[in-house]
Asker: 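Please find one structure pasted underneath; my questions will follow.
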Amino acid sequence: MSTLWQGRFDGDPADELMAYTTSIGFDVRLAPDDIAGSRAHVRMLGRVGLLDDAEVDEVLAALDQTEAELAAGDFAFAPGDEDIHTAVERRVTELAGEAGAKLHTGRSRNDQVATDLRLFCKRELADIAADVIALQQVLLDRATTAGDAYLPGYTHLQRAQPVLLAHHLLAHGWALARDVDRLADARTRLDVSPLGAGAVAGSSLPLAPDMAAAELGFAARFENSMDAVSDRDFVAEALFALTMVAIHLSRLGEEVVFWTSEEAGFATLDDAYATGSSMLPQKKNPDIAELARAKAGRLIGNLTGLLATLKGLPLAYNRDLQEDKEPLFDAVDQIRLGVRAMTGLMSSITFNTDAMAAAADAPTAAATDLAEHLVAGGMPFRDAHAVVGDLVRRSLEGEGSLADLMRADPRLGEAAAELLVPGVPVTRRTTAGGAGPEPVSAQIERFRARLFTDAARFD
Ligand code: ARG
């Protein structure tokens, strides 16, 4: 078996070593980025005179063919191809002979893999941000068409105050807006080329890292070769940004599980986005929403696993760093699937606005409005809280309906009783950013504007 280091070694590597250390099974996914990195590297080598024009062309042609073979699935992997970098270089050398053997000039797999992974993250994080924006768009559409539908807003999962359905949906939308921001921010920080850092210290050859960086579309080149090859902050940041998306999907998922339960009955899933039971014929289950909850745990595992891998590593490159890829790839795949599934679910779910209203119309849900009514008349809030609390308690003890008790109370009377009329309390929420019709229509416009700007960022 041929290896990249065979000159220094007497015999072949043990099968167990290859089985344990090989990464081609997962890093083959970096092939397009590895080839892009090699193109930039060989062009840079040509421009600084380390390869002549004919050699550069030969290597570029070999890279084209290698890329085509990999894309078509007819690339013949050799037993010694322990990772994608080895496989590509081996094939380029087969195809381009001596010119191919110059491809790795001034380069190490250490700066190469860091370059590949940054290219990968730049692309994938942008794609995922676009998917998140599509989910936000659905939430906005549903909020816009929700009109004056309202439901209970909960604290401690106890009914607290009625809120517009649009407000509730956009609460999830704003959380996702922060995710888009985090993904964009992570992309900005990772936009640095490590190519030219070599194994650890750069090179004695006249390399031009700025040239390679520009060729690859990076905003800058590394400042320190040791940092360049050992830094995986960008993977940790990408994982954190993705994990926050997972957590937001999980919280939205939990809402869907609750809303579609027979106990709440606030929403009904479209058949295409629900599952049935193998035994119970009547069942319609919210499996997407449940998996959105569960997969957040998986992403948290990916993030904490990577952080544990990085902790305590000495400078600079260590093979431990190979363990950065699987958690990252898994997180990217799971978030892409999850965001798309939740987008379909949320665009097709039916809101049972009568059931939502009925739950929100319980007179007790207007208790805070009653207290605020007394405050508007000059009573200190703490006293008003006590007056209304006393009426609620007496009503719950069976003394009469809250409305009747209020009518009989000179401090409240008929005007206050009218606050209990179904649909009225939610209209009284006028605070900017609050849950009533006035602030919510302003909020919808702000959300729409923000979404438009974010969509343009990821066009
Ligand atoms: N497969 C390796 C990784 O993912 C590539 C770099 C290997 N470098 C080395 N010095 N063994 O990290």
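All ligand and atom numbering here is 1-based and tracks the order in the structure. All values below come from the heavy atoms of this structure, side chains included, with hydrogens, waters and symmetry mates left out.
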Asker: At a 4.0 Å threshold, what atoms of ligand 1 neighbour a non-hydrogen atom of Val113?
Answerer: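 With Val113 as reference, the close atoms of ligand 1 come out as 4 (O).
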
Asker: If you have a sec, work out which protein heavy atom is nearest atom 7 (C) of ligand 1 and how many Å separate them, to one decimal?
Answerer: Tyr317 OH, 3.5 Å

Asker: Identify, by atom number and element, the atoms of ligand 1 in contact range of Asp83, meaning under 4.0 Å from any of its heavy atoms.
Answerer: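 Once the distances to Asp83 are compared, the set is 1 (N), 2 (C), 5 (C).
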
Asker: Starting from atom 11 (N) of ligand 1, locate the nearest protein heavy atom and write down its residue, its atom name and how far away it is, to 0.1 Å.
Answerer: Arg109 NH2, 3.6 Å

Asker: Any side-chain heavy-atom pair from Val426 and Leu164 closer than 4.5 angstrom?
Answerer: yes

Asker: Going by distance alone, is a donor N or O of one side chain under 3.5 Å from an acceptor N or O of the other, for Arg446 and Gln443?
Answerer: no

Asker: Ring centres of His167 and Trp174 under 6.0 Å apart?
Answerer: no

Asker: Can you confirm if the NZ or CZ of Arg29 lies within 45° of the ring axis of Phe120 and under 6.0 Å from the centre of its six-membered ring?
Answerer: no

Asker: Measure Lys325 to ligand 1 on non-hydrogen atoms and call it side chain, backbone, both or neither using the 4.0 Å cut-off.
Answerer: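 The answer is the side chain of Lys325.
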
Asker: Return the option from Thr21, Leu30, Asn110 holding the heavy atom at the smallest distance from atom 8 (N) of ligand 1.
Answerer: Asn110

Asker: Determine which pairs satisfy side chain to side chain donor-acceptor pair (under 3.5 Å) with at least one residue from residues 192-214, sequence neighbours left out, and list them in order.
Answerer: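 Output for this query lists Asp210-Arg221.
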
Asker: Which of the atoms in ligand 1, numbered in the order shown and given with their element, are less than 4.0 Å from a heavy-atom of Ser23?
Answerer: 1 (N)

Asker: Distance-only criterion, 3.5 Å: show the donor-acceptor pairs between side-chain atoms of residues 54-62 and protein atoms not counting sequence neighbours.
Answerer:
from: Glu55; atom 1: OE1; to: Asp52; atom 2: N; distance (Å): 2.9
from: Glu55; atom 1: OE2; to: Lys102; atom 2: NZ; distance (Å): 2.8

Asker: May I ask you to list the atoms of ligand 1 that are less than 4.0 angstrom from any heavy atom of Gln322?
Answerer: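 It comes down to these atoms of ligand 1: 1 (N), 2 (C), 3 (C), 4 (O), 12 (O).
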
Asker: NZ of Lys311 to CG of Leu306: how many Å apart, nearest 0.5 Å?
Answerer: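 Rounded to the nearest 0.5 Å, the NZ-CG separation comes out at 13.0 Å.
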
Asker: Of the backbone atoms (N, CA, C, O) and the side-chain heavy atoms from C-beta on, which set of His85 has a member under 4.0 Å from an atom of ligand 1: side chain, backbone, both, or neither?
Answerer: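 Side chain only.
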
